[in-house]
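Before any comments, here is the structure.
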Amino acid sequence: YGGAPVADVPFIRVGLAHGVRDASVTSAGGFTVSLYADSLESWSAGGGKRWRFGAAGGGVTGSGPGGGFHMETGTIRVRPEAGGFLVFGDVAYRGEIELLPAGAGSLTVINVVDIESYLRGVVPREIGRRPKGELEAIKAQAVAARTYALASSGRRASGSFDVFSTVEDQVYEGADGEDAVCDRAILETAGIFMTHAGEPIHAYFHSSCGGRTEARHEVWELPKLSYLTQVWDSRNEDQFNDAFCSGGNNFTWSETWDGDEIRKLVWEYLPRTASTPVRGALGELKDRRVTVRTPSGRVRWLEVATGAGTYRVFGDRVRWLLRRPGSDRILRSSFLELDVKKRGGRVTGLTVEGRGYGHGIGMCQHGAMEM
């Protein structure tokens, strides 16, 4: 849609909160609250005033300067005065905010904003605040993020919005996250996105591939796509040390757990990550080993042997099983080697030597910046 009039730029619906009991919206400038239900009602609020909304039964209540309401079905739309921002959860947003019922005792908060403005709150969070010398890499990130957004129409919360504002889709910080260099990259690529067979592609990206990207179907249980394949991130294939992303902090890394730590991880997270149901107590952790690798060298199948049986974990889900020591953070990547220590038929320790940060599919951000 490059070159389209401003009025023709697509809009995106960003889920700021889903399944919450209450919410409030304010603005430094004036704003209007409109209720679209059996009839249309509107209330105006001055700068600094606040409207509060809450889930009530299966509907939503609202109260603020000059009025209030309760609705069972419908939509609430909050619009700022021209050029103003709306504030929800202490974050300022361009565009408008919608609130709607999300089932008994909960509501959904959505930012309705044009895609180019949305990118201003995404690109700096996804690739970081980079110097002008890396503008071309930031442009690549802008095109990828724009394409991802266009391909995401109606994907979330049963179609009520398109993307989450978190790592589940793309991290979005509204107007509070904007950056001048990223704004320039967005402006210079305005309207540009990638397609395959006439449709926007699934434009995934990650921090560091560790020298080699991955095909989507190898680490996620999703269909094979011809444009998401494994490629080397180097001038010469088979040269890990020549990888463009080799200067990144997470090109290589290691983690170590003692026996108690790794057993607790298995007891808590194996039921959520195993490809077969885990029922009952698992008992002792006896072994874990990689049984199949992807063409890039990442884990395709990890076997975990316990007192209750042997379970398999597929691809990128290994990261959700092996949480980093001393935290709830997932493992940096599934591009790894295991060193299992055992004594008396039980695991007493585990060390992982790994490469890269992220799922490894699509664009390697550190590789792009080095290029």
Side-chain angles (χ1 to χ4, degrees), residues 1 4 7-23 25 33-40 53-62 69-79 86 88-89 91 93-122 125-126 144-174 191 193-205 216 220-223 225 228 359 361-362:
Y1 61 88
D8 294 333
V9 174
F11 278 72
I12 187 166
R13 299 170 60 82
V14 186
L16 304 180
H18 178 63
V20 297
R21 293 194 60 83
D22 51 66
V25 179
V33 176
S34 299
L35 172 62
Y36 296 85
D38 293 333
S39 60
L40 171 63
F53 307 92
V60 178
T61 61
F69 62 83
H70 172 82
M71 72 167 195
E72 290 298 322
T73 59
T75 301
I76 304 147
R77 178 69 66 92
V78 186
R79 293 185 175 92
L86 295 172
F88 165 72
V91 178
Y93 294 97
R94 297 179 183 274
E96 302 176 354
I97 286 179
E98 276 189 2
L99 302 100
L100 57 153
S106 68
L107 55 86
T108 295
V109 183
I110 299 167
N111 183 203
V112 183
V113 63
D114 72 90
I115 279 186
E116 300 302 312
S117 294
Y118 164 72
L119 292 179
R120 295 179 69 181
V122 167
R125 289 294 292 123
E126 290 293 358
R146 184 182 293 109
T147 305
Y148 185 97
L150 288 168
S152 299
S153 178
R155 291 177 57 238
R156 299 299 188 181
S158 301
S160 63
F161 57 92
D162 305 316
V163 292
F164 285 106
S165 60
T166 66
V167 292
E168 291 186 70
D169 286 301
Q170 302 184 120
V171 179
Y172 170 58
E173 287 191 347
F193 59 98
M194 296 175 280
T195 66
H196 176 75
E199 297 294 331
I201 69 168
H202 297 281
Y204 303 114
F205 49 87
R216 184 179 79 159
W220 292 344
E221 292 181 299
L222 292 172
L225 291 173
L228 285 175
H359 47 65
I361 304 166

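- When every heavy atom of S117 is checked against every heavy atom of V113, the shortest pair comes out as CB-CG2, 3.6 Å.
- Residues Y1 and E116 bring a donor and an acceptor atom of their side chains to less than 3.5 Å of each other.
- For R155, the CZ atom is densely surrounded, since the number of other residues' heavy atoms within 6.0 Å is greater than 12.
- Taking CG of L100 as the start and OG of S106 as the end, the distance is 9.5 Å to the nearest 0.5 Å.
- Tested against Y172 for a side-chain contact (heavy atoms from CB on, under 4.5 Å), the candidates L119, N111, V163 yield a single pass: N111.
- Closest heavy-atom contact between A37 and T73: CB-O, 3.6 Å.
- When every heavy atom of A56 is checked against every heavy atom of T61, the shortest pair comes out as CB-CG2, 3.7 Å.
- Separation of atoms OH (Y36) and OG1 (T75) is listed at 9.5 Å; rounding is to 0.5 Å.
- To the nearest 0.5 Å, atom CZ of residue F69 and atom CG of residue L35 are 5.0 Å apart.
- Using cut-offs of 30° and 60° on the angle between ring planes, the pair F205 and Y148 is perpendicular.
- Using a distance-only test at 3.5 Å, with no hydrogens or angles considered, a donor-acceptor pair links the side chain of D162 to the main chain of G154.
- Separation of atoms CD (E126) and CD (Q170) is listed at 6.0 Å; rounding is to 0.5 Å.
- The only option from T108, L99, L107 that meets the side-chain contact (heavy atoms from CB on, under 4.5 Å) definition with V20 turns out to be L107.
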For V33 and I76, what are the C-alpha separation, side-chain angles and deciding distance, and is it a side chain to side chain contact (heavy atoms under 4.5 Å, CB included)? CA-CA 7 Å; V33 176; I76 304 147; 3.9 Å; yes

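- One distance of note links CD of E98 with CG of L16; it measures 11.0 Å at 0.5 Å rounding.
- Two rings, from F88 and F53, have their centers 6.0 Å or more apart.
- Closest approach of R13 and I110 over heavy atoms only: NH2-CD1, 3.4 Å.
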I'd like to know whether H196 forms a side chain to side chain contact (heavy atoms under 4.5 Å, CB included) with L225, so could you lay out the CA-CA distance, the side-chain angles of the two residues, the decisive distance to 0.1 Å, and finally the verdict. CA-CA 10 Å; H196 176 75; L225 291 173; over 6 Å; no

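- Residues R216 and I361 come closest through the heavy atom pair CA-CD1, 3.8 Å.
- Aromatic ring pairs are classed by plane angle as parallel below 30°, tilted from 30° to 60° and perpendicular above 60°; the pair H359 and Y204 is perpendicular.
- Put simply, the side chain of T147 never gets that close to the backbone of I201: no donor and acceptor are under 3.5 Å apart.
- Of all heavy-atom pairs between P101 and G58, the closest is CB-O, 3.5 Å.
- With E173 as reference, R125 is the one residue of R125, R120, R94 to meet the salt bridge (Lys or Arg N to Asp or Glu O under 4.0 Å) rule.
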